[in-house]
Amino acid sequence: RLDGRTADSPDPRLLPGQIVELTLSRPPSGVEAEDGELSLLWHDAHLAVLDKPAGLTVHPCPSCPEGTLVHRLVGGFPELARQSGFRPGIVHRLDKDTSGLLVAALTETARLALADAFAAHQIYKEYLALVRDVPPPEGAARDPIGRHPTQKIKMAVAPENRGGRSAHSAWRVLHADPAGRFALLAVRIFTGRTHQIRVHMAHLGHPLWGDALYGPRPVAGEPAIPRQMLHAWRLRFTHPVTGEEMSFVCPPPEDFRTAVSTLARRMQRVVITGLPGCGKSSLTRRLGDRGIPTWSADAVVRRLYAPGGDGRLFLRNRFGDRFMLDAGSDHSEVNRRALLAAMRAEPELRREVEGTLHSMARCDLEHFWQDCEAAGAPSAVAEVPLYLEAHWNAPAPDVASGRSPASGTEAPVASENVVLIGVACAPAERHRRLAVTRGWNAETWATLESWQWPEDRKLRACRLVVDNSGDEAALDAAVEPLLRNLEALRLEQERALAERLSAVWGTARR
């Protein structure tokens with residue numbers, strides 16, 4: 001104020017005899033108690049162990065002067081007010097969006113002793129971390145961590161001569177997604193650097209899901225994860241007064257468990273297979289009529305053999321005009337009758353053509369699966385006659401590079417979310433259908449069947465079998481029970497995952 005009035009100019013010209021008054025607010029000397037829930041796991045006269053929820057800042061700071069965990073602690077334990085400063089009772093901290101175990105000292109004696117134990121790395125701290133992709137089963141990171149050189153809110157791996165401080169984290173994989181999308185880790189930290197686990201795992205190429213600061217930006221079709229998936233899971237220390245060994249386990253909160261379930265929930269991939277004439281296409285078409293996306297290997301091969309198709313290009317480059325209907329024409333279709341005859345007569349040629357065409361079709365199928373999953377389809381169906389014979393039940397090719405798995409011996413179905421359905425039909429009925437619909441003679445169907453597994457072996461490898469020896473009405477009646485069985489398998493897979501994860505983090509509190 002200037003001469004008793006509020007000064008309205010930032011640079012007034014002062015005259016002799018004028019009175020200038022400056023009033024400053026008294027800065028707080030401590031933390032005021034606030035009401036708020038405290039999820040206490042255990043406490044005595046010396047310390048308290050609690051489960052901090054995600055979204056709650058531990059202690060006051062310029063951006064969050066009120067509404068912190070410390071304010072709640074002072075409200076619940078008034079004796080903390082006797083400790084000076086703005087962090088009474090706090091001997092370690094968790095990031096705002098990290099949940100889990102935290103110990104608070106209720107007396108100055110306990111605080112000093114626990115602070116010394118943390119400084120000497122005598123406290124056992126282990127976290128649950130949900131990371132992208134799947135790292136090795138176990139490993140360690142010892143890269144020093146310091147302030148990011150250009151972004152003040154971030155930390156980064158930095159050499160010690162540039163401000164980095166030693167940091168040590170070790171992990172082990174508790175659960176790995178069969179599709180390689182995520183892994184649930186137990187991460188022990190031996191040091192307590194700011195954002196240590198988040199920085200180390202991002203530096204190793206496995207950032208935490210939901211980490212907006214250190215992870216990649218979400219892409220279309222990716223599940224929305226509300227926060228960095230990090231939870232302080234285990235805490236073990238010696239009681240600073242009684243000398244008792246204290247050990248606590250805290251299962252993750254609902255949002256963490258939901259994130260794991262969401263990432264683990266994969267579209268059900270249904271593969272229909274069987275011998276020629278069994279009715280694979282008829283069953284696939286009926287499922288498509290129910291709104292389920294469908295894919296057909298035969299349809300893709302026809303597209304590959306059409307003018308401009310990669311299959312036709314391969315045949316033309318490899319064999320010239322031998323299998324072209326119009327020699328010398330760039331728009332000629334493949335002479336499939338001549339190609340089939342050559343494949344029957346020349347086993348080496350058949351293996352070469354099948355290997356190349358199967359690789360092309362397999363990559364097309366992988367794109368189909370991925371597109372359907374990105375669109376949110378709960379299930380999708382692929383009709384693949386040679387699924388087992390071509391070893392498509394082995395790991396999928398890399399659709400980005402086009403690499404295909406090498407052929408080998410018979411292998412079991414590898415993917416947890418693939419349901420293999422076999423279509424059975426009496427041989428006499430199959431052969432009758434092939435003669436009527438395709439004009440095949442006994443020699444043709446005998447040759448093509450010889451390239452596949454015998455029906456009994458094929459059906460034994462299938463999870464479900466549909467008998468299609470009857471008429472169209474009988475096949476219509478089989479669709480509804482099949483859909484119920486597929487739904488039951490989806491639920492069974494979700495229950496099995498929930499049981500595995502429940503066994504991982506358990507329910508014990510101390």
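For the numbers below, each heavy atom of this structure counts, side chains included, while hydrogens, waters and symmetry mates do not. We number each residue from 1, following the sequence as shown.
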Student: Are E487 and R490 ion-paired here, with the side-chain N under 4.0 Å from a carboxylate O?
Tutor: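 A salt bridge is present here (some side-chain N lies under 4.0 Å from a carboxylate O).
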
Student: Under 3.5 Å, side chain of T273 to main-chain N/O of V384, donor-acceptor pair present?
Tutor: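 Yes, T273 side chain to V384 backbone: donor-acceptor pair under 3.5 Å.
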
Student: Considering all heavy atoms of both residues, which atom of A202 and which atom of Y214 are nearest to each other, and what is their separation?
Tutor: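 Smallest heavy-atom distance, with atoms named: CB-O, 3.8 Å.
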
Student: Does the ring center of F77 lie less than 6.0 Å from the ring center of H43?
Tutor: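 Yes.
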
Student: Any luck finding a side-chain donor-acceptor pair between Y127 and H231 under 3.5 Å?
Tutor: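 There is no such pair (donor and acceptor under 3.5 Å, judged by atom type) between the side chains of Y127 and H231.
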
Student: Closest heavy-atom contact between T194 and I145?
Tutor: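 Here T194 and I145 meet closest at O-CG2, 4.2 Å.
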
Student: Using a 3.5 Å distance criterion without hydrogens, assess whether the side chain of D3 forms a donor-acceptor pair with backbone atoms of I19.
Tutor: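 Yes: the side chain of D3 pairs with the backbone of I19.
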
Student: Would you say the side chain of L94 lies within less than 4.5 Å of the side chain of L102, judging by non-hydrogen atoms?
Tutor: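 Yes, close enough: below the 4.5 Å cut-off.
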
Student: When you check the gap from the basic side-chain N to the acidic O, do R172 and E126 get nearer than 4.0 Å?
Tutor: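 Yes, charged N to carboxylate O under 4.0 Å.
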
Student: Compare every heavy atom of L501 with every heavy atom of V260, then report the nearest pair and how far apart it is.
Tutor: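 For V260 and L501, the tightest heavy-atom pair comes out as CG1-CD1, 3.1 Å.
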
Student: What's the shortest heavy-atom distance between P88 and V74, and which atoms?
Tutor: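 Scanning both residues, the minimum pair turns out to be CG-CG2, 4.1 Å.
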
Student: Could you tell me which non-hydrogen atom of A105 sits nearest to which non-hydrogen atom of Q83, and how far apart they are?
Tutor: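 It is O-NE2, 3.3 Å.
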
Student: Looking at E222 and R217, is any side-chain nitrogen of the basic one under 4.0 Å from a carboxylate oxygen of the acidic one?
Tutor: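 Judged by the 4.0 Å cut-off on N to carboxylate O distance, R217 and E222 do not form a salt bridge.
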
Student: Is there a donor-acceptor pair under 3.5 Å between the side chain of E34 and the backbone N or O of G67?
Tutor: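 Checking the backbone N and O of G67 against the side chain of E34, a donor-acceptor pair under 3.5 Å is found.
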
Student: Here's one to test your reading of the geometry: is the NZ or CZ of R132 within 45 degrees of the ring axis of W209 and under 6.0 Å from its centre?
Tutor: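 Pair R132/W209 counts as cation-pi.
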
Student: Counting the benzene-type ring for Trp, do H59 and F86 have ring centres under 6.0 Å apart?
Tutor: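 Centroid separation for H59 and F86: 6.0 Å or greater.
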
Student: Just say parallel, tilted or perpendicular for the rings of F190 and H168, cut-offs at 30° and 60°.
Tutor: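 Ring orientation of F190 relative to H168: parallel.
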
Student: Looking at side-chain heavy atoms only, is the closest gap between V271 and W392 below 4.5 Å?
Tutor: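 Counting from C-beta outward, V271 and W392 never come under 4.5 Å.
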
Student: Got a salt bridge between R265 and E494, using NZ or NE/NH1/NH2 to carboxylate O under 4.0 Å?
Tutor: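 Here R265 pairs with E494 in a salt bridge, since their nearest N and O are under 4.0 Å apart.
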
Student: Kindly assign one of parallel, tilted or perpendicular to the pair F248 and W42, based on the angle between their ring planes and the thresholds 30° and 60°.
Tutor: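 If you compare the ring of F248 with that of W42, the planes turn out tilted.
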
Student: Would you please classify the geometry between the H239 ring and the H46 ring as parallel, tilted or perpendicular, with 30° and 60° separating the classes?
Tutor: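 Perpendicular, since the angle between the ring planes exceeds 60°.
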
Student: Shortest non-hydrogen contact from A167 to T191?
Tutor: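 Closest approach of A167 to T191, heavy atoms only: CA-OG1, 3.2 Å.
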
Student: If you measure from the Lys or Arg side-chain nitrogens to the Asp or Glu carboxylate oxygens, is any gap between R236 and E244 under 4.0 Å?
Tutor: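 Judged by the 4.0 Å cut-off on N to carboxylate O distance, R236 and E244 do not form a salt bridge.
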
Student: Is a salt bridge present between R13 and D11, judged by a nitrogen-to-oxygen distance below 4.0 Å?
Tutor: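 Here R13 does not pair with D11 in a salt bridge, since their nearest N and O are not under 4.0 Å apart.
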
Student: Verify, without hydrogens or angle tests, whether R257 (side chain) and P252 (backbone) share a donor-acceptor contact under 3.5 angstrom.
Tutor: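 Such a contact is found between R257 side chain and P252 backbone.
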
Student: Are any side-chain N or O atoms of R147 and backbone N or O atoms of K152, one a donor and one an acceptor, separated by less than 3.5 Å?
Tutor: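 Yes: the side chain of R147 pairs with the backbone of K152.
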
Student: Please round to the nearest 0.5 Å and tell me the distance separating atom CE of M201 and atom CG of L130.
Tutor: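 Answer rounded to 0.5 Å: 11.0 Å.
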
Student: Using the salt bridge (Lys or Arg N to Asp or Glu O under 4.0 Å) definition, which of the options R198, R227, K52 pairs with D95?
Tutor: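 Between D95 and the candidates, salt bridge (Lys or Arg N to Asp or Glu O under 4.0 Å) is satisfied uniquely by R198.
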
Student: So does I90 get a backbone contact from the side chain of R111, meaning a donor-acceptor N/O pair under 3.5 Å?
Tutor: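 Between the backbone of I90 and the side chain of R111 there is no qualifying donor-acceptor contact (under 3.5 Å).
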
